[in-house]
Amino acid sequence: MWTVALMGLAGLLAGGAISLRRQEKPRLLVAAFWIVAAMAVVVGWLLTLPESG
């Protein structure tokens, strides 16, 4: 469940980054959106791994 939510969040953040880039907003803000989107994808992927413990 959390994986789906995080992947959806990553999609929204990526769309926001694309939108901000088209609006010619500061590059740092666009980069921050991409970084947080990538982090959401990584965490969502990590949640799919079987627990070793």
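Side chains are part of it too, since the values below use all heavy atoms of this structure and drop only hydrogens, waters and symmetry mates. Along the sequence shown, residues carry numbers from 1. Just so you know, these numbers come straight off a predicted model, no measurement behind them.
Here the CE atom belonging to Met1 is positioned 12.5 Å from the CG atom belonging to Leu47, to the nearest 0.5 angstrom. From Leu20, atom CG reaches atom CG of Leu13 across 10.0 Å, with rounding to the nearest 0.5 Å.
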Return a table of donor-acceptor pairs under 3.5 angstrom between the side chains of residues 24-43 and protein atoms on other chains or two or more places apart.
none

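Hydrophobic clustering, with ILVMFWY side chains joined whenever heavy atoms are under 4.5 angstrom apart, groups Leu9 together with Ile18.
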